[in-house]
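Notes to accompany the following structure.
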Amino acid sequence: MADREGGNRKYWLMKAEGESRIVKGIDVAFTFEMLEKITKEGKMESWSGVRNYEARNMIRDQMSIGDYAFLYCSNCKFPHIRGVMEICSEPHPDDSCWDPNDPYYDPKSTKEKPRWYSVGVQSRYPFKRPVTLRELKMHINGKLSHMSLLNRARLSISKVNKDEWDFIHQLAELPEPSEVQEAREKENQKETKKRERRVDDDGKEDNKQKKSKSPYIAAAGDDDTSLNAIKQSRIKECNIK
DNA sequence: GCCAACGTTGGC
DNA sequence: GCCAACGTTGGC
């Protein structure tokens with residue numbers, strides 16, 4: 001792919017749920033680690049399930065191959081940006097809406113008149129450290145005062161301008177602000193206590209709780225088993241060299 | 001688990 | 001095309 005740095009590359013922020021949530025028997029969580037695995041296998045992820053018109057319009061009318069996007073992790077203890085991915089297919093009708101078993105099935109979208117659109121994505125690089133929403137909000141009166149994520153909290157796809165893009169990269173290179181770090185440690189302690197209490201209640205060790213917890217993502221979804229079980233159907237072969 | 005914010009639906 | 005009712009998102 002031609003390097004589009006400094007050219008007409010556009011920048012985006014795309015939200016995915018970090019914590020397991022079962023819809024119609026399917027876990028809708030999707031993490032950067034899952035995308036890295038898919039990418040390593042030479043495949044791409046179809047970014048399906050966007051069911052909001054404004055977000056749809058951005059995908060359908062503005063996204064193009066070579067654009068970059070932050071993968072934002074929502075619905076978890078510490079919502080955050082974990083890394084960067086690249087748009088690697090042209091926008092196309094989202095085929096998840098024709099499948100009655102899909103969590104995002106929409107009978108009103110037809111093949112003749114598709115209502116929803118999707119693009120293929122691959123991971124490019126993780127941040128040196130995750131940048132939390134809490135940290136981004138510290139700049140709401142400064143460099144990030146126009147950022148859609150902060151002003152239009154419910155939009156699942158949003159544009160990021162080049163200044164914001166660069167600024168957030170700079171944040172990721174610096175140590176995490178102590179304020180944010182402390183808040184996360186406090187949250188972790190709470191979690192640990194909860195777990196201990198559960199063990200006490202059971203009267204014995206609960207082995208099911210041994211899963212290592214990321215401070216950012218409170219639930220599973222990043223191990224092989226769940227990845228295979230959950231995502232196989234949505235992974236597309238990647239035809240990019 | 002709660003609930004504020006806000007997007008969508010549908011009656012008129 | 002207004003707007004009340006309803007449904008969803010997502011941070012906390």
Side-chain angles (χ1 to χ4, degrees), chain A residues 12-32 34-35 47-62 69-83 94 96-97 100 102-110 113-118 130-141 144-160 164 168 171 176-195 197-198 201 209 213-222 230:
Chain A
W12 307 95
L13 180 141
M14 298 165 85
K15 292 186 187 175
E17 296 188 38
E19 193 159 346
S20 285
R21 191 167 66 87
I22 308 299
V23 182
K24 293 211 244 174
I26 294 170
D27 193 336
V28 297
F30 186 72
T31 65
F32 192 78
M34 291 163 82
L35 183 63
W47 200 267
S48 55
V50 172
R51 299 291 181 267
N52 166 284
Y53 290 104
E54 203 175 342
R56 185 276 314 267
N57 291 349
M58 286 188 271
I59 292 178
R60 186 191 58 189
D61 307 333
Q62 297 186 53
F70 290 136
L71 203 172
Y72 177 84
C73 177
S74 70
N75 259 327
C76 57
K77 283 269 147 58
F78 284 88
H80 62 277
I81 298 171
R82 184 73 194 82
D94 180 353
S96 72
C97 45
D102 193 277
Y104 301 105
Y105 172 59
D106 181 2
K108 285 180 188 155
S109 179
T110 63
K113 267 192 106 187
R115 179 176 288 197
W116 307 114
Y117 282 73
S118 150
V131 176
T132 61
L133 176 63
R134 208 187 166 102
E135 183 176 352
L136 295 172
K137 279 183 170 170
M138 293 167 66
H139 304 281
I140 196 165
N141 293 318
L144 302 180
S145 63
H146 296 292
M147 199 175 179
S148 293
L149 177 71
L150 306 181
N151 302 317
R152 303 276 323 273
R154 294 183 55 189
L155 250 192
S156 62
I157 305 277
S158 57
K159 243 184 171 150
V160 175
E164 293 161 347
I168 292 167
L171 292 181
E176 183 174 54
S178 53
E179 176 191 328
V180 178
Q181 213 174 310
E182 281 156 21
R184 220 182 45 251
E185 273 158 20
K186 221 160 123 191
E187 188 61 39
N188 280 339
Q189 280 166 16
K190 234 163 69 187
E191 285 291 310
T192 312
K193 276 211 184 103
K194 227 192 280 175
R195 219 166 308 154
R197 216 170 304 136
R198 210 156 32 211
D201 288 349
Q209 292 301 324
K213 293 278 185 191
S214 152
Y216 298 97
I217 300 161
D222 50 358
I230 297 157

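Residue numbers begin at 1 in each chain, while the letters A, B, ... track the order of the sequences. Hydrogens, waters and symmetry mates play no part in the numbers below; they use all other heavy atoms, side chains included. Given the structure is predicted, the values throughout are model-derived calculations rather than measurements.
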Does [N] have OP1 or OP2 sitting under 4.0 Å from an N or O in the side chain of [X]?
X        : N      : value
A:Arg152 : B:dG7  : yes
A:Lys15  : C:dT9  : no
A:Lys137 : C:dC12 : yes

Nearest-Å distance, [atom1] ([X]) to [atom2] ([N])?
X        : N      : atom1 : atom2 : value
A:Asn151 : B:dA5  : CG    : C1'   : 14 Å
A:Glu191 : C:dC12 : CD    : P     : 16 Å
A:Ile81  : C:dG11 : CD1   : P     : 12 Å
A:Lys77  : C:dG11 : NZ    : C1'   : 12 Å
A:Tyr53  : B:dG7  : OH    : P     : 14 Å
A:Arg154 : C:dC12 : CZ    : C1'   : 16 Å
A:Tyr216 : C:dG10 : OH    : P     : 21 Å
A:Asn75  : C:dC12 : CG    : P     : 12 Å

Have a look at A:Lys15 and tell me which of A:Val50, A:Leu149, A:Leu155, A:Asn75 forms a side chain to side chain contact (heavy atoms under 4.5 Å, CB included) with it. A:Leu149
Qualifying residue for side chain to side chain contact (heavy atoms under 4.5 Å, CB included) with A:Tyr72, from A:Val131, A:Ile157, A:Ile81: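 With A:Tyr72 as partner, A:Val131, A:Ile157, A:Ile81 yield a single side chain to side chain contact (heavy atoms under 4.5 Å, CB included), made by A:Ile81.
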NZ/NE/NH1/NH2 to OD/OE distance under 4.0 Å, A:Arg51 and A:Asp94: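 Answer for the salt bridge query: yes.
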Heavy atoms under 4.0 Å, any strand shown: does A:Tyr72 hit a base, just sugar-phosphate, or nothing? sugar-phosphate
A:Lys190 atom NZ: more than 12 heavy-atom contacts under 6.0 Å: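 Counting neighbours around NZ of A:Lys190, 12 or fewer heavy atoms of other residues, nucleotides or ligands fall under 6.0 Å, so no.
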